[in-house]
Amino acid sequence: MEHTFKARIYEADSPFFEGELTSVVVPAIDGEYGVLANHRNVVIAIVPGNMHYTLPDGTVEYVIVSEGMMRVENNDVLILINHAERPDEVEANRAREKEEELIEARLQKKSVEEYLEAELMMQRTMAGLRDGGHRVD
């Protein structure tokens, strides 16, 4: 009896893991759901939470996942999730997201300032046209 199974874990936009595992545990609606080699065929809804899997060498990998699904079929596990992060990546990703938000806020502020400046110039021009072309600043 073989003690590993083929596993593929895909995020919405990219592969996260492909290879052999000895176990995987996913967060499910009614708690954690674990899979070992030669598990029966099943489809499980995954809820946001902590997932972990064990590589053939005994290394355990921990992952924070969003919603998704897992299909087990003929010793092959397919996990489809919207997003996955390793715990050590969480802080770096949050810092990068915060930086992107700050850049976007600066760009929006600059855009508003440019709009207001253009609006003011247009009002001055219109005032000058109403005054017969004589502009007084």
Taking atom [atom1] of [X] and atom [atom2] of [Y], what is their separation to the nearest 0.5 Å?
X	Y	atom1	atom2	answer
Leu78	Arg8	CG	CZ	5.0 Å
Phe16	Leu80	CZ	CG	14.0 Å
Leu36	Phe5	CG	CZ	7.0 Å
Glu32	Met51	CD	CE	11.5 Å
Asn74	Asn41	CG	CG	5.0 Å
Ile79	Met69	CD1	CE	9.5 Å

Side-chain heavy-atom pair Val65, Pro27 within 4.5 angstrom cut-off
yes
Could you tell me if the side chain of Ile9 sits less than 4.5 Å from the side chain of Tyr53, heavy atoms only?
yes
Taking Thr4's backbone N and O only, do any of them form a donor-acceptor pair with Thr22's side chain (distance below 3.5 Å, no angle check)?
no
For Asn38, is there any backbone N or O sitting under 3.5 Å from a side-chain donor or acceptor partner on Asn75?
yes
Consider only side-chain heavy atoms of I, L, V, M, F, W and Y, link residues closer than 4.5 Å, and tell whether [X] and [Y] are in one cluster.
X	Y	answer
Leu55	Val63	yes
Val77	Phe17	yes
Val72	Ile44	yes
Ile81	Tyr62	no
Tyr10	Val35	no

Going by the rule salt bridge (charged side-chain N to carboxylate O under 4.0 Å, His left out), which residues pair with Glu61 if we only count those two or more places apart in sequence or in a different chain?
Arg86
State, to 0.1 Å, how close Ala28 and Val47 come at their nearest heavy-atom pair, and which atoms those are.
O-CG2, 3.6 Å
Would you say that more than 12 heavy atoms from the other residues, nucleotides or ligands in this model lie under 6.0 Å from the CG of Leu120, or not?
yes
Give a yes or no on this: more than 12 heavy atoms of other residues, nucleotides or ligands lie within 6.0 Å of atom CD of Glu117.
no
Under 3.5 Å, is there a donor-acceptor pair linking the side chains of Glu11 and Asn82?
no
Is the distance between the ring centroids of Tyr33 and His39 under 6.0 Å?
yes
